Amino acid sequence: MAVDLTPRQPSKAYGGDGGAYYEWSPAELPMLGVASIGAAKLSLAAGGMSLPSYSDSAKVAYVLQGKGTVGITLAEATKEKLVAVKEGDALALPFGVVTWWHNVPGSATELVILFLGDTSKGHRPGQFTNFQLTGASGIFTACLRIVKLSAGQKLPEPVADDRKDMALNCLEAKLDVDIPNGGRVVVLNTVNLPLVKEVGLGADLVRIDAHSMCSPGFSCDSAYQVTYIVRGSGRVQVVGPDGKRVLETRIEGGSLFIVPRFHVVSKIADASGMEWFSIITTPNPIFSHLAGKTSVWKAISPEVLEAAFNTTPEMEKLFRSKRLDSEIFFAPN
């Protein structure tokens, strides 16, 4: 039976003066359950704090907006790390990590963090369960709790050295792909964010310019792609292994969708451009593209393409000449 791949917005789970917690449910986005993926957002108002908690799932966190502090206590650590975070920061949070998040008092913007992770070993596949260590509801509650600190309450200041190997700012990091008027990519892996290995997930931030297209491609290593649209809008198309189109729709900021294993996906931006953050369910993903310099069509022998498409050598040369010298992004002509 076909699974609904329609992109979805999250629903508010709970909240108060300090902020709110939003989550995507497998009931509304069935691919979460199929892929055993959890997805949620935490939004903290000025002075808001999410109390110390741990999760049943390894996660990647991405700061969508604002700046603040996260306290991170790794499993068996004797001291927490105090990490200053800001928009564009990505953090890998393995099993057993205890975290708290805080938005500075007087902040003009909310601190918003996206969480994507593997729930295959979790309490509820397809949905995170967070266990609170303190607060009114105590330990082993089913959800994270949020408070707003009273005037004069202070928390420890971030420690500059604690950012090392804990956070990578995707808006400032060296670009892995940079195509003028096309798009840019920063890939998180075990080299630039070592804890990715413990989390077991890869991730990337992709930004494409107005009317640019991301080349059709697929994961070669049976991984799922989980994509959150950070800002902008455009269209996405997904094609299954049998050649049938399983999704073609408009996407916009705040929506999330999942590409099944071995499915081909392509995206094209509207006039505003488009930016997305994705996780891939393997720490060092391998992708194959159907256009551009690394296109599989470029590698296959001309004679094989002629036979496969039942066409002439002249038509094969015309086909091969189209967009095969570009990278994975195509700027509008």
Side-chain angles (χ1 to χ4, degrees), residues 18-19 41-55 57-118 130-134 144 146-147 149 152-176 184-205 230 277 279 283-284:
K41 282 201 301 186
L42 173 65
S43 178
L44 294 176
M49 178 186 183
S50 68
L51 298 176
S53 67
Y54 66 95
S55 177
S57 306
K59 304 174 184 176
V60 172
Y62 182 71
V63 181
L64 298 168
Q65 176 185 300
K67 59 183 179 180
T69 303
V70 57
I72 303 174
T73 304
L74 298 170
E76 300 185 348
T78 58
K79 185 179 180 181
E80 71 177 350
K81 292 182 179 292
L82 299 167
V83 180
V85 294
K86 63 181 180 179
E87 181 179 341
D89 277 348
L91 302 91
L93 304 174
F95 275 115
V97 167
V98 174
T99 61
W100 54 263
W101 299 80
H102 178 234
N103 188 6
V104 295
S107 173
T109 60
E110 293 184 333
L111 173 62
V112 183
I113 308 103
L114 172 72
F115 300 98
L116 302 174
D118 175 14
N130 301 302
F131 301 98
Q132 185 182 339
L133 297 184
T134 60
L144 181 66
I146 302 166
V147 299
L149 299 186
Q153 267 188 297
K154 292 186 178 181
L155 293 176
E157 293 293 325
V159 178
D161 288 346
D162 285 355
R163 271 189 67 92
K164 179 177 171 58
D165 293 336
M166 296 300 299
L168 175 74
N169 191 277
C170 297
L171 300 178
E172 300 173 354
K174 179 182 177 182
L175 297 172
D176 293 281
R184 292 151 295 285
V185 182
V186 170
V187 178
L188 277 66
N189 52 43
T190 55
V191 176
N192 55 21
L193 194 60
L195 282 177
V196 162
K197 182 177 182 180
E198 292 187 40
V199 172
L201 301 168
D204 58 26
L205 178 71
V230 176
F277 184 81
I279 65 164
N284 292 297

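Keep in mind that what you see is a predicted model, and the values were worked out from it rather than measured. Both backbone and side-chain heavy atoms feed into the values below; hydrogens, waters and symmetry mates do not.
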Self-check item: L149 and H102, any side-chain heavy atoms less than 4.5 Å apart
Solution: yes
Practice problem: Report the relative orientation of the aromatic rings in Y62 and F277; use parallel for angles under 30°, tilted for 30 to 60°, perpendicular for over 60°. | Solution: parallel
Quiz prompt | Under 3.5 Å donor-acceptor, N103 side chain and T109 backbone | solution = yes
Quiz item: If you look at every heavy atom in L205 and C170, which pair is closest and at what distance?
Solution: CD2-CB, 3.6 Å
Practice problem: Please examine the side chains of M49 and Q153, heavy atoms only from C-beta on, and report whether any two atoms are closer than 4.5 Å. | Solution: no
Quiz prompt | Nearest heavy-atom neighbours spanning G106 and A46 | solution = N-CB, 3.9 Å
Quiz item: How long is the gap from CG on L111 to NZ on K86, to the nearest 0.5 Å?
Solution: 13.5 Å
Quiz prompt | Interatomic distance, L168 atom CG to K174 atom NZ [nearest 0.5 angstrom] | solution = 13.0 Å
Pairs under 3.5 angstrom only: tabulate donor-acceptor contacts from the side chains of residues 63-78 to other protein residues two or more places apart or in another chain.
| from | atom 1 | to | atom 2 | distance (Å) |
| --- | --- | --- | --- | --- |
| Q65 | NE2 | E110 | O | 3.2 |

Self-check item: Any side-chain heavy-atom pair of M166 and L195 under 4.5 Å
Solution: yes
Quiz prompt | Which atom of V187 lies closest to which atom of D176, heavy atoms considered | solution = N-OD2, 2.7 Å
Self-check item: Separation of L201 CG from K59 NZ (nearest 0.5 Å)
Solution: 12.0 Å
Quiz item: Is there side-chain contact between D165 and L193, with at least one heavy-atom pair below 4.5 Å?
Solution: no
Quiz item: Which heavy-atom pair separates A90 from L188 by the least distance, and what is that distance?
Solution: CB-CD2, 3.3 Å
Quiz prompt | Gap separating the CG atom of L93 from the CG atom of L91, nearest 0.5 angstrom | solution = 6.0 Å
Quiz item: Would you find a donor on one side and an acceptor on the other, under 3.5 Å apart, between the side chain of D118 and the backbone of V199?
Solution: no
Exercise. Mind checking the CG-CD1 spacing from L42 to I113? Nearest 0.5 Å is all I need.
Key: 4.5 Å
Quiz item: Within the side chain of N169, is there an N or O that forms a donor-acceptor pair under 3.5 Å with the backbone of E87?
Solution: yes
Quiz item: What are the two closest non-hydrogen atoms of W100 and S50, and how far apart are they?
Solution: CB-O, 3.3 Å
Self-check item: For V97 against T99, the heavy-atom pair lying closest together
Solution: CG1-CG2, 3.5 Å
Quiz prompt | Pair N189-V196, side-chain contact (heavy atoms from CB on, under 4.5 Å): steps then yes or no | solution = CA-CA 6 Å; N189 52 43; V196 162; 5.5 Å; no
Practice problem: Begin from the C-alpha positions of V186 and D204 and carry the test side-chain contact (heavy atoms from CB on, under 4.5 Å) through to its verdict. | Solution: CA-CA 6 Å; V186 170; D204 58 26; over 6 Å; no
